[in-house]
Amino acid sequence: MQNKRKGLMLVLSSPSGAGKTSICKRVLDKEKKIVMSISYTTRPKRKSEKNGFDYFFINKKKFDELKSNDYFVEYANVFDHYYGTPKDFIDKNLQNGIDVLFDIDWQGAQKLSNYSKDDMVSVFILPPNNKSLLERLKKRNEDSIKTVKKRMGKAKSEISHWIEYDYIVINKDLEQSANEVITILRAERKKRSRQKFVFDLIEDLTK
Ligand code: 5GP
């Protein structure tokens, strides 16, 4: 029997500094048949980041051009910079039975849900407390103090969106949180509604 399951969209959101980017990387290291959706952004590149790996770093003119060509399935202004998710990449992978992982904010999650609700599984990552949130933002050490303060200030309004998500993971420990996300992914892959190909088997088994 051929596995014809369609891929799913696994969306991870959190207030910035909750460790979601590290969790995404861990999930990709540990799990097969899942790829990261790489967003386009007008935000300046951080020293540790690589173009085409963490993001595609582009200027506003190019962003507007892609936007008007319907290149993005969703885009948003986050902390004064634009971020957009390319559409073709998602469609191609889902059709090939490959899951796609997203590190996007609540605005993006809402728009992806409008795009294809049945294919989406959303997880909100929470920091265990305020102290660890501030420490993680500072430790990143690549953003200015002004940016850190702004992001900390925004965290509370971002957290208010937790209720819109399917699952909650409290990130006390990176390894444990990544494992929890993988558990969610594996269970979601097995959902009856995602295994339409089983119809053929059932027909065979019951004739
Ligand atoms: P950062 O600048 O720290 O990499 O990301 C800032 C915020 O933008 C994070 O919450 C991240 O999840 C979100 N983000 C990254 N890419 C996208 C995207 O393509 N769309 C949306 N809506 N948010 C994004």
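We count ligands from 1, going down the list as the structure has it; atoms in each ligand are counted the same way.
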- Which of the listed options, Trp106, Phe79, Phe72, Tyr55, holds the heavy atom that is closest to atom 5 (O) of ligand 1? Tyr55
- Taking only heavy atoms of Arg43 into account, list the atoms of ligand 1 that are under 4.0 Å away from them. 1 (P), 2 (O), 4 (O)
- Query: With only distance considered, is Ser14 within less than 3.5 Å of ligand 1 through an N or O on each side?
  - Reply: no
- Query: Does Gly84 have a non-hydrogen atom less than 4.0 Å from ligand 1?
  - Reply: yes
- Would you say Arg46 touches ligand 1, if touching means a heavy atom closer than 4.0 Å? yes
- Task: Give the atoms of ligand 1, by number and element, whose distance to some non-hydrogen atom of Asp103 is under 4.0 Å.
- Result: 11 (C), 12 (O), 14 (N), 15 (C), 16 (N)
- Task: Determine, using heavy atoms of Phe102 and all atoms of ligand 1, whether some pair is separated by less than 4.0 Å.
- Result: no
- Message: I need the single residue from Tyr82, Phe56, Tyr83 that forms a ring-ring contact (aromatic ring centres under 6.0 Å, His included) with Phe63. Which is it?
- Response: Tyr82
- Item | Atom of Ser177, atom of Ile23 and distance for their closest heavy-atom approach | CB-CD1, 3.6 Å
- Query: For ligand 1, which atoms have a heavy atom of Ala76 less than 4.0 angstrom away?
  - Reply: 22 (N)
- Message: Give me the atom names and distance for the closest heavy-atom approach of Ser39 to Thr85.
- Response: OG-OG1, 4.1 Å
- Would Lys45 count as a cation-pi partner of Tyr55, with NZ or CZ less than 6.0 Å from the six-membered ring centre and within 45° of the ring normal? no
- With distance as the sole criterion, is a donor-acceptor pair present between the side chains of Asp105 and Ser13 under 3.5 Å? no
- Message: So which atom in Leu94 and which in Lys6 form the shortest heavy-atom distance, rounded to 0.1 Å?
- Response: O-CG, 3.4 Å
- Item | Ring centre gap for Tyr40 and Tyr71 strictly below 6.0 Å | yes
- Selected option - heavy-atom contact closest to atom 18 (C) of ligand 1, from Lys20, Gln107, Glu74: Glu74
- Note on the structure: Atoms of ligand 1 under 4.0 Å from any heavy atom of Gly108, numbered from 1 in the order shown, are 22 (N)
- Message: Tell me whether Lys87 is salt-bridged to Glu74, with the criterion being a basic N under 4.0 Å from an acidic carboxylate O.
- Response: no
- Item | Numbered atoms of ligand 1 (with element) below 4.0 Å of Thr85, judged on heavy atoms | 18 (C), 19 (O), 20 (N)
- Query: Under 4.0 Å from any heavy atom of Asp105, which atoms of ligand 1 are there?
  - Reply: 10 (O), 12 (O), 13 (C), 21 (C), 22 (N), 23 (N), 24 (C)
